[in-house]
Amino acid sequence: MNILFIMYDQLRFDYLSCAGHPHLHTPNFDRVAEMGVRFTNAYVQSPICGSSRMSYYTGRYPSSHGAQWNNFPLRVGEQTMGDHLRRLGMDCWLIGKTHMHADVEGMERLGLDADSVIGARQAECGFDVWIRDDGLWAQGPAGFYDEKRSPYNEYLKAKGYATDNPWADHANAGVGEGNTIASGWMFENADKPAHIHEADSETAWLTTKTIEFMDQAQGPWCAHVSYIKPHWPYIVPAPYHDMFGSDHVPAPHRHEMELEDPHPVFNGYMNNRVGTAFQCEEVRQKVIPAYMGLIKQCDDHLGRILDHLDETGAIDDTMIVLTSDHGDYLGDHWMGEKSLFHEQSAKVPMIVYDPRTCSDATRGTTCDALVESLDLVATFVEAAGGEVPTHILEGRSLLPWLRGETPDWREFLISEFDYSASTVGGEIMQDLGLRSRDCRLFMVFDGRWKMMHAEGGFRPMLFDLETDPDEFVDLAKTDMHDDEIARLYGYLAQWGRRMSQRVTKSDADIEEMRGKAGLKGVLPFLYDGSEVPAPLIMHYVGEAPELPEK
C-alpha cells in the first residue's frame, strides 16, 4: 500500500462543507471523507508552522524534538517518518513545503556532507525530495526570506513570467490602477485576481508535480504533498477571486467580555499588528472571500489527484490523509493568523482513507476521539506493516479507529507554543521582565475542559467547551473552578513526566538486557557464590594459579 499524505497550510477545520461550512462547497474533501473517516477532534502539537510540521514529521512533541519555532533547526539525528518507513521498505518523498531548516552546525560537527544521501535526508526532515518549495519568496532590503532557489519561480520564468521574482509579482499580486503591482501583502488587494494564469498558480503547479511523481513512482511509497495555500498572502487567481463576497463572510466570532481583564499573553496577541488589522471589518471583507477562494481552488486540484488515482486504479491501494498544520483566526477572538489554542487555531481537519477491506465498516463516518497530529507517523508505520516504536514515537496509530474498534485511548491531549521569538514575546519580555525561556504556553484539553498554562508566573486560562463552545468565558479569572484547574495541571504534570528521550533502547531491548551481564562474568554482591547458578562462576572457582617469581 502507498500513502498520500496531503497537508494544506493554515486551513481551518471548519472551512470545509463536510465540516458544516454554510457557503464553501468542497466536494473533493467531502469525497475523501465519504471514503474514510473524518476525525472531529484533531489538534496540532503547536499552532505555528515550523514547530507543528516537525511534530507531524517526527511523531514527537515540540519539547521532545526541540524545533519550537519557525526556522529552528530540527537537530541532527532526530528520527522522522522517512527513517521509520524506509526500515519497512517504503520510500518517503517530499512534494512541496516543509518549513525545515537544516541543523548545519550539527551536520558540520558530525562531518555530514549535505550532498550525500544521508546528509540530504538530514537536511530535509528525512524526506527524499521530488520537489521542495516552501512558497514564501518574500524579498526585502536584506534579501530573500528563503535563501534557497525556488523551483516554482524557475518554472514561472520558463513560462514567460519575466521578472526577478514572479512569485511576488504575479502569483501573489494583482494589478492596480495605472498597471501597478497590487501586492498580496496588502490586505486591500485581496479581492483582486492574482496576475497569473490559474494553471500556473502555486496550487495548480504543485498538483501537476504530484501527478508526475505518482506516474513514475514504484511502490511502496509515502508522498508528503504539502501545499502553501490557503496561507497568506491572501490573493487567488481568477475565477476564484470573486466566487465569494460579503454575503459569505460570517460575523466575527468574538465577544466584548474577552477584552475585560484579559490574560497578558492573550492581550498581546489581540493587540499586535495582525490582531488589530483583523479587528477592522474592511480587512475581513477583503480577506475571507479570498481565503475561501484559495480553499475552493485547493479542493478543485484535490479533485485532479483523486481523478488520477481513480483512472489509474491506484485509489485501491493508496491511503490518503488530508490535514493542515494549524488554522487561522480570521478576526475571531479579536485575533488574526494563529498563535493561541482556541479551536480556530489549534484544531485542524483530519480525514483518513484506508483502502483496505478492514476499514470498510467505518467509511463515511466521523470519530470524536482526541487525536494529536503526531499520531500520523505511528499510523503510517502500522499501515506499512511495522510495529510502532513507542520508545521513539509519542503518538498512537489511528488504524484501530479506522477498523471500527474502540482502543484504550488518551484522556487528554497537549499542544505547546514557544512564542519567545515572536514580536509579542519581545514586547512581553520588555514590559513584564520575562526571560525568553519563560515565553512558553501549554494547552491541556480533555474533550470538554481546555486550559492554557503560561510560564512566567501568569494565571492560566480555562474554558468549558460544553457550556461555552465559543470559548468566550475565561473561567480562570475567578477561583470558582480551581478543582478543574488542579485536575488539568495534574494531566500536565503527568505528561511532563513522560519518558521522551530514551530513544535508543526500547522496552523490549531493556528486558532483553536484564541479567546478561552475569553471563559475561559481572557478578557483584555475592557472598560465597551459591547465590547464582554454577556456570556463572565457572571461571572464578577451582585451583588457584601460582604466583610468578619476584
Side-chain angles (χ1 to χ4, degrees), residues 1-3 5 39 42-46 51-67 74-94 98 100 103 106 110 117-118 121-122 124-128 220-224 319 321 323 350 352 354 356 358 369-403 405 407-410 413-414 416 494-514 516:
M1 186 174 69
N2 303 317
I3 299 172
F5 169 31
F39 291 90
Y43 292 79
V44 289
Q45 266 43 78
S46 179
S51 186
S52 174
R53 289 168 179 274
M54 297 310 110
S55 287
Y56 270 108
Y57 302 155
T58 63
R60 291 162 59 74
Y61 293 99
S63 54
S64 296
H65 60 66
L74 185 68
R75 62 175 172 253
V76 166
E78 191 71 32
Q79 295 193 54
T80 67
M81 67 171 63
D83 298 298
H84 296 293
L85 294 178
R86 285 190 197 94
R87 292 191 192 102
L88 302 170
M90 177 176 280
D91 292 336
C92 196
W93 290 88
L94 169 68
T98 64
M100 163 73 174
D103 180 5
L110 298 176
V117 172
I118 295 174
R121 287 173 177 168
Q122 283 290 322
E124 297 289 357
C125 291
F127 294 108
D128 290 321
W221 49 261
C222 173
H224 176 40
M319 172 178 277
V321 175
T323 191
M350 181 76 75
V352 183
D354 182 349
R356 296 171 296 185
C358 60
L370 295 175
V371 169
E372 297 185 320
S373 63
L374 48 72
D375 292 333
L376 284 184
V377 182
T379 303
F380 296 164
V381 167
E382 187 179 353
E387 182 177 345
V388 177
T390 56
H391 62 299
I392 303 172
L393 298 182
E394 298 187 280
R396 307 181 186 189
S397 171
L398 300 177
L399 291 190
W401 296 111
L402 299 179
R403 295 191 295 258
E405 302 167 8
D408 183 22
W409 203 246
R410 61 173 60 93
L413 51 78
I414 298 287
E416 306 177 67
Q494 176 184 329
W495 171 82
R497 293 190 299 270
R498 74 195 186 283
M499 191 281 293
S500 62
Q501 298 299 329
R502 195 190 72 197
V503 298
T504 58
K505 290 289 182 181
S506 69
D507 291 346
D509 292 334
I510 292 171
E511 290 169 8
E512 180 68 17
M513 290 170 59
R514 291 192 188 118
K516 292 297 179 67

Next item on the list: Test side-chain contact (heavy atoms from CB on, under 4.5 Å) on V377 and Q79 and set out the steps.
Entry: CA-CA 11 Å; V377 182; Q79 295 193 54; over 6 Å; no
Note to self: Nearest 0.5 angstrom please: S500 OG to I392 CD1, how far?
What the structure shows: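 S500 OG to I392 CD1: 12.5 Å, rounded to 0.5 Å.
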Please answer whether the main-chain N or O of [Y] pairs with a side-chain N or O of [X] as donor and acceptor at a distance below 3.5 Å.
X    : Y    : answer
Q45  : L374 : yes
R121 : I118 : no
D375 : L398 : no

Notebook entry, point to check: Is a side-chain donor-acceptor pair under 3.5 Å present for Y56 with H224?
Noted result: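 H224 vs Y56: no donor-acceptor pair found between side chains.
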Checklist line | Residue pair S63 / E416, side-chain donor-acceptor N/O under 3.5 Å | finding: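 The answer is yes; a qualifying pair exists.
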Check: T80 and L74: which non-hydrogen atoms are nearest, and at how many Å?
Finding: CG2-CD2, 4.0 Å
Next item on the list: Of all the heavy-atom pairs spanning V381 and L88, show the shortest one and how long it is.
Entry: O-CD1, 3.6 Å
Check: Does I510 CD1 have over 12 foreign heavy atoms under 6.0 Å away?
Finding: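 Result for CD1/I510: enclosed.
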Checklist line | Residue pair L376 / M81, side-chain heavy-atom distance below 4.5 Å | finding: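 The answer is no; the side chains never approach within 4.5 Å.
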Notebook entry, point to check: Step by step, would you call F39 with W401 a ring-ring contact (aromatic ring centres under 6.0 Å, His included)?
Noted result: CA-CA 10 Å; F39 291 90; W401 296 111; 7.6 Å; no
Next item on the list: With E372 as reference, evaluate R410, R60, R396 under the salt bridge (Lys or Arg N to Asp or Glu O under 4.0 Å) test and give the passing residue.
Entry: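 It is R410; the other options fail the test.
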